[in-house]
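Here the structure comes first, spelled out in structure tokens, and everything after it is commentary.
No experiment lies behind these values; they were computed from the predicted model shown. Numbers restart at 1 for each chain; the letters A, B, ... are given by sequence-line order, proteins then strands.
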Amino acid sequence: MQSSNAINYDYTVAKYFTVSAIVLGIVGMSVGVIIAFQLAFPELNNFFGEYGTFGRLRPIHTDGVAFGFTVSGIMATWYYIGQRVLKVSMAESKFLMFIGKLQFWLYIIVVAVAVVSLLMGETSSKEYAEFEWPVDIGIVIVWVLWGVSIFGLIGIRREKVLYISVWYYIATFLGVAMLYVFNNMEVPTYFVSGMGDWFHSVSMYAGSNDAMVQWWYGHNAVAFVFTVPIIAMIYYFLPKESGQPIFSYKLSLLSFWGLMFVYLWAGGHHLLYSTVPDWVQTMASIFSIILILPSWGSAINILLTMKGEWGQLKDNPLIKFYVLASTFYMLSTLEGPIQAIKSVNALAHFTDWIPGHVHDGTLGWVGFMIIGGIFHMAPRMFKREIFSKKLVEAQFWLQTTGIVMYFTSMWIAGITQGMMWRATDQYGNLAYSFIDTVEVLHPYWTLRAVGGSFYLIGVFMWAYNIYKTATSSKAIEKEPQYASPMA
Amino acid sequence: MDMEFIRNLQGWGYVSMIFFLTIGFYIYIYYLYKSQKGGKKDYEKYSDMALNDDIDDTLVEGKHPQENKKDNEER
Amino acid sequence: MFHWLEKNPFFFAVGVFLVIAYAGIVTILPDFMESARPLKGTKPYTVLQLAGRQVYIRNGCNTCHSQLIRPFKSETDRYGKYSLSGEYAYDRPFLWGSRRIGPDLHRVGNYRTTDWHENHMLNPQAVVPGSIMPKYGFMFKKSADLKTAYAEAYTVKKVFDVPYNQPGMPKLGTYDQAKKAAFIQAGKIVAGMKNQGVKDAYKNGDIKEIVALIAYLNGLK
């Protein structure tokens, strides 16, 4: 290391977003646990009048974890990884520093307005796009600021080649921008008619079209919020924490393009059984199958990076987080296509199997990467050891147990309910009334809520550990190169 | 434009793009491995961007050639 | 050949954007043009129904209830005729939902009545033992927001040419006319209810949320 260079990386903005990731993670997941218990014990709906019912709280949970916890995590890691792989410090540009801070504070304001407005019932009802138009405008501004920050930092970089993680962050930026804007096209009614609630708006699209845009958004938002930026994280944190170069860098480039093609082109199954010529349909399915292979590249590439170094899995709890995360990524990317098969979908749609699938991905893959990533960043940002290794270990096992309880109970619940809805007696009449199919779920819903609570407790442990790391853990003199030091 | 025509257009747009992307994709694979083998570029070196990412670590590929990593330059 | 892509963030970004945007255009635009036509007999919502629909949305009924009957025998037996695209032509936003924690409601107006809804919304567990639906007593106290409902009807008529005032379609004039019409429609529902508070409020010129909601649910056929 040369000591002539006095510039250091500046983690101010990364620290801000770390705090918001922790706080919003706690908020979003607490609401999740509450609504999980409400399904098992419906009396819990009635404590706060209209503000405490399941229907009001659910968007706060989904948006809270997606746009609160996850987006904060994306930002925190970007403002950390971005500097490091481009080898340029935020401190070198007053402008970018200002943009970063502005982005953070605007984001916090938008989040606050969003939570309050959802609680008041100001919602467009479209899933993961519930916010009404004033919040949407705020979100667009925050997003544009992030774009300025990404391309600004790239503009002043020293390292000429963009590391693979940067590719993924750019794709996240572009994908979310396009999807969000198109799905939220709406007309504020107050400005047309001059009366009524000024927050209220109507969708630009009606009925089936609205549904189509919504699920084009819904499916791909999952791609660009829960997959793409998380891959950006793992391609940095796993090699860095383990000291192992990526198994095959070329494979990582290929799987990037593979993912870009497959995710959005998977929409081609809309064409099946329509009026386009048969051969076109056949070609379409063949090609989409061929293209699936490269998209699997990422996960395998990541696991192979640990080749010959599996001992680290035993010694280093952060490696455990990363490896389990990529395992869950493989699981849920296998499960998703299975659910998309027509006959499976007929059974699974509208049941708990779907939230079950979502949560393998979000708790196992997204949550673990953000938690593990911030653990890795903490000693570097705060120049202290991670406060307690034992606590990290305990958190890992508690949360893993929680996830397993969550998805097993939801799989069983979903398949049970799906089967009961369609079951008939010997005369061909429906065998069960609707309420029968609800009552049978009670034990699974209870189990799910308990599993979710385990995960939430884990998040509290994480918060405490990071807090202690930042304030009172043992100081370190030199930045660790690979494995994060922990007491 | 009647619906059938639009559907056909869609089908063609779909297949041709998939075709184009797939071809492009496999050319890219070929290109990556070829340029690695031919010694034009060492992609695997790029992993170092994550591993050696202190602000004063040597660059893998700087804007000015003299900043580059040694072994990269020799090739 | 590809190296400039890897080094030039601008071209890289354009490339990624083209790939994802083109996919969107080809895969959804044509469906878009096809499914925009309303089915014969489908009518836009009255102002009172829109107010009820807004209550439905504000309280996230769509988080537990779907409005999409799929073409399977088990579904048509349970809920009625399967849903057709054209039936949703005036639904902004669509309310298909994604999870059936409660039953589908797309044709609930065919088999549930005003007084059933009244009892059920007040205390679902009393009507259907074992139900996990929340109690909605507050809807019997809060007033329906006719102004916002009118604003919405006015907006869709003006911006999207929704055919109000055409032969056989609901009328939409000034706000005062709309209010009058809403009161007439609400009167029929209130007459079928027994909650004294709601009845008294109606007499005093105030429509409660529950009345608007029931008007909406009764219209789902």
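- A/Phe382 places a side-chain heavy atom less than 4.5 Å from the side chain of A/Lys15.
- No side-chain N or O of A/Thr18 forms a donor-acceptor pair with one of A/Tyr11 less than 3.5 Å apart.
- Defined by atom type and a distance below 3.5 Å, a donor-acceptor pair is present between the side-chain atoms of A/Tyr236 and B/Asp53.
- Side-chain atoms of A/Lys87 and A/Arg157, non-hydrogen and from C-beta on, never get closer than 4.5 Å to each other.
- For A/Ser248, the parts sitting under 4.5 Å from any heavy atom of chain B are the backbone and the side chain alike.
- For chain B, no part of A/Gln83 is nearby; none of its heavy atoms comes within less than 4.5 Å.
- A donor-acceptor contact under 3.5 angstrom links the side chains of B/Gln36 and A/Lys250, judged on distance only.
- Put simply, the side chain of A/His376 reaches to within 4.5 Å of the side chain of A/Arg380, judged on heavy atoms.
- Put simply, of B/Leu51, B/Leu32, B/Ile29, the one with the most heavy-atom pairs under 4.5 Å next to chain A is B/Leu51.
- You'll find the side chain of A/Leu238 stays beyond 4.5 Å of the side chain of A/Gln244, heavy atoms only.
- Annotation: residues 161-168 of chain A contacts chain B through A/Val161, A/Leu162, A/Tyr163, A/Trp167 [non-hydrogen atoms, separation under 4.5 Å].
- For A/Phe247, the part lying under 4.5 angstrom from a heavy atom of chain B is the backbone only.
- A/Glu92 touches chain B through its side chain: at least one heavy atom from C-beta onward sits under 4.5 Å away, while N, CA, C and O do not.
- A donor-acceptor contact shorter than 3.5 Å links the side chain of A/Ser89 to the backbone of A/Asn8.
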